Amino acid sequence: MYQTKPVAPERLPAFLRSLPKAELHIHIEGSLEPELIFALAARNGLTLPHASVEDLRQAYAFHDLQSFLDIYYAGASVLLFEQDFYDMARAYLQRAAADNVLHAEIFFDPQTHTARGVSIETVLNGLHRACQDARSDFGISASLILCFLRHLSEDDAFATLEQALPFRDKFIGIGLDSSELGHPPEKFARVFARCRELGFRLVAHAGEEGPPAYIWSALDVLHVERIDHGVQCVQDSALMQRLARERIPLTVCPLSNMKLRVYRQLSQHKLWQLLGAGIFATVNSDDPAYFGGYINDNFVQTFAATGLGAQHGLTLARNSFEASFMDEAEKRACLQRLEQAVEGFE
Ligand code: ADE
Ligand code: ZN
């Protein structure tokens with residue numbers, strides 16, 4: 001079932017693009033394209049520090065995670081009203097559907113907005129309505145994961161959780177993102193324990209820039225079900241063995257890793273090593289408006305740079321559904337569509 005026919009090298013990009021897939025690591029604020037930043041600024045009567053779309057894009061030269069985050073949070077400041085959040089998520093979902101994404105699990109950063117006086121209700125109503133409409137309009141299912149910003153305090157995360165709980169039917173999980181170094185998972189042990197009691201699905205960024213120890217503590221202290229990024233696990237063979245043995249998904253984002261200088265070149269990416277070690281990896285876009293590519297660009301460019309082949313593509317697409325938080329029937333339906341697409345690929 002999960003064996004591909006041989007795919008000629010020149011047909012590999014088309015094959016990868018054609019694969020039905022799930023996206024499990026996408027920050028919705030990171031899908032905000034410069035054109036939409038300018039359109040929302042105009043609609044909301046805001047003046048931007050950049051003269052034009054091109055001028056803003058020019059500023060997208062990052063040397064590490066923090067240099068990106070500073071620009072990313074500034075970009076999100078044009079989001080004020082429910083319709084702004086709706087328009088941003090709708091644009092992403094339409095674009096993802098064009099990449100044959102059947103299902104997306106979307107991160108959002110409420111503290112970025114509540115700190116500016118935008119209510120969590122405004123954020124969630126806009127994002128959630130876009131997810132609902134995308135099912136009928138673009139044939140893509142989507143759910144939301146609320147991320148705590150790890151550079152802020154655990155008390156701030158608790159306050160955010162309290163604000164969000166009246167709308168808990170609108171999001172399925174909790175994540176942890178923002179500046180990793182110096183903010184280990186342990187800092188959020190109590191709030192994650194509470195989220196676990198409440199029945200949320202749990203994920204955390206760990207081992208993007210941070211050490212393998214952060215991956216261990218995301219698993220053993222926060223009890224997350226997936227690790228976002230996790231590429232630094234290659235420094236720790238015991239950890240790699242554990243990830244493989246326990247089938248813990250990693251949501252890997254190759255173009256992000258290159259743009260934030262985790263690797264100097266895409267050819268140095270460790271995706272092949274992860275797959276070779278039997279690790280349950282997936283490929284995702286992270287912040288596509290900032291890193292120069294959506295999910296299919298991540299697949300195509302990484303495969304071209306590292307020499308991965310069609311069978312790896314199929315494994316990654318299959319992993320994306322299996323690692324998702326869809327129920328078993330939904331997973332089966334997606335896996336069937338994957339099988340049909342592979343059989344039908346000429
Ligand atoms: N927020 C948006 N993108 C992120 C990333 N790559 N790492 C941590 N936090 C983020
Ligand atoms: Zn991320």
Side-chain angles (χ1 to χ4, degrees), residues 24-30 64-70 72-74 76-77 79 105-124 127 143-230 232-233 239 248-251 260 286-287 325:
L24 307 179
H25 187 156
I26 163 75
H27 300 264
I28 200 62
E29 294 89 351
D64 60 7
L65 176 57
Q66 192 59 51
S67 62
F68 154 69
L69 289 170
D70 295 342
Y72 158 88
Y73 294 129
S77 66
L79 299 159
E105 294 178 2
I106 298 177
F107 299 145
F108 68 107
D109 288 340
Q111 289 152 297
T112 304
H113 313 299
T114 53
R116 301 180 289 109
V118 177
S119 77
I120 211 159
E121 182 174 12
T122 297
V123 177
L124 266 169
L127 298 180
S143 44
L144 296 169
I145 296 178
L146 183 161
C147 289
F148 298 130
L149 298 181
R150 68 201 304 157
H151 67 274
L152 301 178
S153 68
E154 188 180 45
D155 283 348
D156 209 312
F158 266 116
T160 302
L161 178 63
E162 282 308 311
Q163 290 164 26
L165 281 181
F167 315 103
R168 68 165 296 172
D169 57 316
K170 293 193 160 79
F171 60 104
I172 62 158
I174 297 290
L176 184 65
D177 65 3
S178 190
S179 321
E180 187 180 12
L181 287 168
H183 302 285
E186 297 88 301
K187 182 177 163 187
F188 296 91
R190 293 177 319 136
V191 73
F192 266 69
R194 179 76 187 121
C195 293
R196 196 166 169 226
E197 280 171 6
L198 289 166
F200 288 111
R201 311 305 298 253
L202 303 180
V203 300
H205 284 53
E208 177 184 13
E209 286 184 342
Y214 285 18
I215 303 176
W216 286 103
S217 57
L219 296 173
D220 293 331
V221 179
L222 303 186
H223 301 285
V224 300
E225 300 168 77
R226 293 196 301 243
I227 297 287
D228 296 313
H229 293 292
Q232 300 301 340
C233 73
L239 177 58
I248 295 157
L250 300 189
T251 62
L260 301 187
D286 205 9
D287 300 285
F325 294 140

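In this text the structure is predicted, and so the values were computed from the model without any measurement. Every heavy atom of this structure was used, including side-chain atoms; hydrogens, water molecules and symmetry mates were not.
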Indicate yes or no: at least one non-hydrogen side-chain atom of [X] is less than 4.5 angstrom from one of [Y].
{"X": "Ser178", "Y": "His205", "answer": "no"}
{"X": "Pro185", "Y": "Val221", "answer": "no"}
{"X": "Pro249", "Y": "Leu24", "answer": "no"}
{"X": "Thr251", "Y": "Phe107", "answer": "no"}

Aromatic ring proximity His151/His183, centre distance under 6.0 Å: no
Minimum heavy-atom distance [X]-[Y], with the two atoms named:
{"X": "Gln232", "Y": "Pro212", "result": "O-CG, 3.5 Å"}
{"X": "Ala74", "Y": "Ser77", "result": "O-OG, 2.6 Å"}
{"X": "Ser119", "Y": "Thr122", "result": "OG-OG1, 2.9 Å"}
{"X": "Gln66", "Y": "Ser179", "result": "OE1-OG, 2.6 Å"}
{"X": "Ile215", "Y": "Gly230", "result": "CD1-O, 3.5 Å"}
{"X": "Gln111", "Y": "Phe148", "result": "OE1-CA, 3.4 Å"}

Working for side-chain hydrogen bond (donor to acceptor under 3.5 Å, both in side chains), residues Tyr72 and Thr112: CA-CA 10 Å; Tyr72 158 88; Thr112 304; 5.9 Å; no
The single option from Asp287, Asp177, Asp109 passing side-chain hydrogen bond (donor to acceptor under 3.5 Å, both in side chains) against His27: Asp177
Audit row: Arg190, Asp155, side-chain contact (heavy atoms from CB on, under 4.5 Å) steps and yes/no: CA-CA 10 Å; Arg190 293 177 319 136; Asp155 283 348; 3.8 Å; yes
For the [atom1] atom of [X] and the [atom2] atom of [Y], what is their distance to the nearest 0.5 Å?
{"X": "Leu152", "Y": "Phe188", "atom1": "CG", "atom2": "CZ", "result": "7.5 Å"}
{"X": "Phe108", "Y": "His113", "atom1": "CZ", "atom2": "NE2", "result": "8.5 Å"}
{"X": "Leu176", "Y": "Ile145", "atom1": "CG", "atom2": "CD1", "result": "12.5 Å"}
{"X": "Tyr214", "Y": "Ile227", "atom1": "OH", "atom2": "CD1", "result": "13.5 Å"}
{"X": "Leu202", "Y": "Arg226", "atom1": "CG", "atom2": "CZ", "result": "10.5 Å"}
{"X": "Arg201", "Y": "Glu225", "atom1": "CZ", "atom2": "CD", "result": "4.0 Å"}

[X] side chain to [Y] backbone, donor-acceptor under 3.5 Å:
{"X": "Glu208", "Y": "Asp228", "value": "no"}
{"X": "Glu180", "Y": "Gly210", "value": "yes"}
{"X": "Glu154", "Y": "Val191", "value": "yes"}

Candidate pair His25 and His229, rule side-chain contact (heavy atoms from CB on, under 4.5 Å), full reasoning: CA-CA 9 Å; His25 187 156; His229 293 292; 3.4 Å; yes
Which pairs would a plain distance check flag for residues 161-175, meaning a side-chain donor or acceptor within less than 3.5 Å of a matching protein atom at least two apart in sequence or in another chain?
residue, atom, partner, partner atom, Å
Arg168, NH1, Leu198, O, 3.2
Arg168, NH2, Leu198, O, 2.7

Leu219 vs Ile248, side-chain contact (heavy atoms from CB on, under 4.5 Å): CA-CA, chis, key distance, verdict: CA-CA 9 Å; Leu219 296 173; Ile248 295 157; 3.8 Å; yes
